[in-house]
Amino acid sequence: MESRFFAALLLTVPLAAAGASPKVFERELDNGLKVLVKPDHRAPILTSQVWYKVGSSYEYGGLTGVSHVLEHMMFKGTEKLPPGQFSRIISENGGEENAFTGRDYTAYYQNLASDRLEVAFELEADRMRNLSLAEAEFAKELEVVKEERRMRTDDDPQSLTFERFNSVAYDASPYRNPVIGWAGDLEQLQIEDLRDWYRQWYAPNNATLIVAGDVDPERVFELAERYFGPLKAEDIAPPKTRPDPEQSGEKRLRVKAPAQEPYLIMGYKVPTVTDAEVEWEPYALEILASVLDGGSSARFSRELVRGAQIAASAGTDYSAFSRLPGMFLFDGVPAKGRGIEELERALLGQIERVRTEPVDAAELERIRTQLIAGKVYEKDSVFSQAMQLGQLETVGLGWELSDQYVDKLAAVTPEQVQAVARRYLTPDTLTVAVLDPQPLDGKQPAPALSALGGHDDVR
């Protein structure tokens with residue numbers, strides 16, 4: 001969805017030209033809603049976001065996918081507005097809106113001109129506690145989600161492999177369940193399940209309201225009090241976590257599915273900032289990911305794709321910010337004429353190299369400079385600024401970490417990068433999944449999405 005404000009949201013005057021990073025203003029309403037405001041006056045636009053502390057990792061067997069289906073239903077009418085009116089009103093005001101569900105959160109946003117904030121607040125406050133959840137709308141939207149699952153997972157061989165990989169790599173952690181839900185759970189989902197889930201989690205004391213852009217903090221707090229202040233809080237018990245037992249040996253699985261080419265996923269259990277015993281380790285893991293896969297000059301691209309031409313593609317994925325311990329992931333597709341076993345050996349060879357040899361100081365400095373530059377340039381988007389605050393706050397780390405993040409990356413040493421590789425990238429904690437291509441029978445698979453990446457919902 002495009003709007004005339006979208007470019008302004010992403011391409012503003014660089015922060016370096018505007019001075020220091022803007023200050024964050026915080027206030028908590030009597031009903032428990034936390035409000036964060038980050039003024040940024042470089043363009044006459046804003047983003048307004050509501051983050052709920054609930055996602056697929058809060059779900060349990062038989063109810064997976066409920067958070068994502070409820071996200072869809074948030075656009076299907078309230079006691080005050082009929083279905084579709086929310087999006088129509090935002091569009092008529094020249095804005096754009098959407099939502100996304102993750103493992104640890106569900107979030108909703110509107111990007112608007114800076115004089116339209118009240119429109120977003122009135123609409124968002126209305127659906128926080130007054131969603132209609134009509135059974136007829138639910139029946140239609142559930143079929144939309146089932147089709148989304150078929151298109152994005154069941155008919156996408158790489159995504160299907162990644163889903164099966166997670167279900168094997170994690171024994172107990174709810175991260176083993178797909179965000180979109182298991183097909184069998186979607187088949188038995190009922191409207192009462194959504195009503196209970198909505199009543200339990202969609203409350204002001206389980207949400208964070210974030211506004212970034214060309215706004216006055218006091219005006220934002222005044223409007224937040226007017227529209228969200230009257231909403232009733234809910235008795236919310238934090239979910240009990242299910243830590244994964246220590247892995248004591250390599251796991252392997254093979255997924256057979258119609259596909260044109262094989263695909264490899266490898267993963268190791270690693271800590272995040274939330275649970276790390278040593279504070280610097282997650283930041284060293286982020287640097288490690290960039291050493292291996294930080295652009296065209298990083299090792300995978302330079303040595304495996306362009307150099308030895310073993311891989312058509314090879315990458316890593318790691319996030320330091322999540323509610324529960326996560327994974328350090330590798331994935332790749334072998335080059336034409338190369339086998340999946342050869343690709344795996346090449347990736348393991350790269351892993352062994354970072355385990356046994358400290359990263360050269362010059363290489364580390366180049367990678368670190370590139371990584372930090374990317375993090376700094378993210379601040380040139382008010383949307384990205386709000387996203388970072390929302391993610392940190394919702395997973396329990398606190399928004400203040402956003403001001404310390406770059407400094408922590410800058411402090412990582414070559415010895416620390418080697419140390420995390422030696423400690424966590426070990427054979428006994430490895431899980432490997434291989435996509436074994438099967439004949440297509442004349443059918444082409446759905447266009448592949450990035451199996452290791454996420455996506456917004458598209459309506």
Side-chain angles (χ1 to χ4, degrees), residues 102-104 162 165-166 169-170 173 175 243-244 246-247 265-295 297-301 314-332 347-361 363-376 378 388 391-392 395-397 401-402 404-432 450 452-454:
R103 287 169 163 176
D104 301 322
F162 184 54
F165 168 87
N166 282 326
Y170 294 107
S173 170
Y175 284 174
D244 236 44
E246 183 177 350
Q247 188 170 328
I265 304 177
M266 301 164 53
Y268 299 85
K269 306 272 182 63
V270 292
T272 62
V273 174
T274 310
D275 68 298
E277 296 177 3
V278 184
E279 183 185 20
W280 52 263
E281 286 189 338
Y283 305 101
L285 286 165
E286 288 220 341
I287 294 288
L288 173 58
S290 290
V291 167
L292 298 173
D293 181 34
S297 61
R299 292 184 181 183
F300 281 3
S301 180
T316 66
D317 187 76
Y318 170 72
S319 174
F321 305 130
S322 61
R323 191 171 68 92
L324 303 173
M327 300 279 289
F328 196 104
L329 296 167
F330 301 83
D331 76 334
L347 292 176
L348 291 173
Q350 291 286 337
I351 292 168
E352 185 60 23
R353 179 180 168 192
V354 293
R355 282 172 48 83
T356 57
E357 301 174 13
V359 179
D360 178 79
E363 180 184 16
L364 179 60
E365 190 59 31
R366 174 177 54 79
I367 292 294
R368 177 172 30 224
T369 300
Q370 180 178 314
L371 178 61
I372 291 175
K375 300 301 181 184
V376 171
E378 283 180 3
Q388 187 176 61
Q391 183 181 17
L392 291 172
V395 301
L397 292 171
L401 185 56
S402 64
Q404 308 163 20
Y405 183 42
V406 168
D407 292 337
K408 291 181 182 295
L409 289 176
V412 173
T413 67
E415 292 75 21
Q416 289 174 335
V417 174
Q418 183 183 19
V420 293
R422 290 177 63 87
R423 180 175 184 182
Y424 296 109
L425 307 189
T426 63
D428 283 344
T429 62
L430 173 63
T431 301
V432 181
S450 173
L452 302 187

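The chain is numbered in sequence order, starting from 1. Keep in mind that the numbers below use all heavy atoms, side chains included, and drop hydrogens, waters and symmetry copies.
- Evaluation of the salt bridge (Lys or Arg N to Asp or Glu O under 4.0 Å) rule for E415 yields no partner, not counting sequence neighbours.
- Shown here are the ring-ring contact (aromatic ring centres under 6.0 Å, His included) partners of Y424, two or more places apart in sequence or in another chain: there are none.
- Between R355 and T426, the closest side-chain pair of non-hydrogen atoms falls below 4.5 Å.
- For E246, the CD atom sits in a loose shell: 12 or fewer heavy atoms of surrounding residues, nucleotides or ligands are nearer than 6.0 Å.
- For the side-chain hydrogen bond (donor to acceptor under 3.5 Å, both in side chains) condition, the pairs that include at least one residue of residues 266-276, sequence neighbours left out, are D244-K269, Q247-K269, T272-D275.
- Contact detail for K408 and L401: the closest heavy-atom pair is CE-CD1, 3.9 Å.
- Between the side chain of S301 and the main chain of S297, no donor-acceptor pair closer than 3.5 Å is present.
- Under the 4.5 Å side-chain criterion, counting only non-hydrogen atoms from C-beta, V417 is not in contact with V354.
- Looking at F321 and P282, their side chains never come closer than 4.5 Å, going by heavy atoms from C-beta outward.
- Within the 4.5 Å cutoff, no side-chain heavy atoms of P427 are placed close to those of L348.
- Taking the six-membered ring where tryptophan is involved, the planes of Y175 and Y170 are perpendicular, since the angle between them exceeds 60° and thus also 30°.
- At a threshold of 4.5 Å between non-hydrogen side-chain atoms, the residues V420 and F328 do not count as touching.
- With a 4.5 Å cut-off on side-chain heavy atoms, Q370 and S290 do not count as touching.
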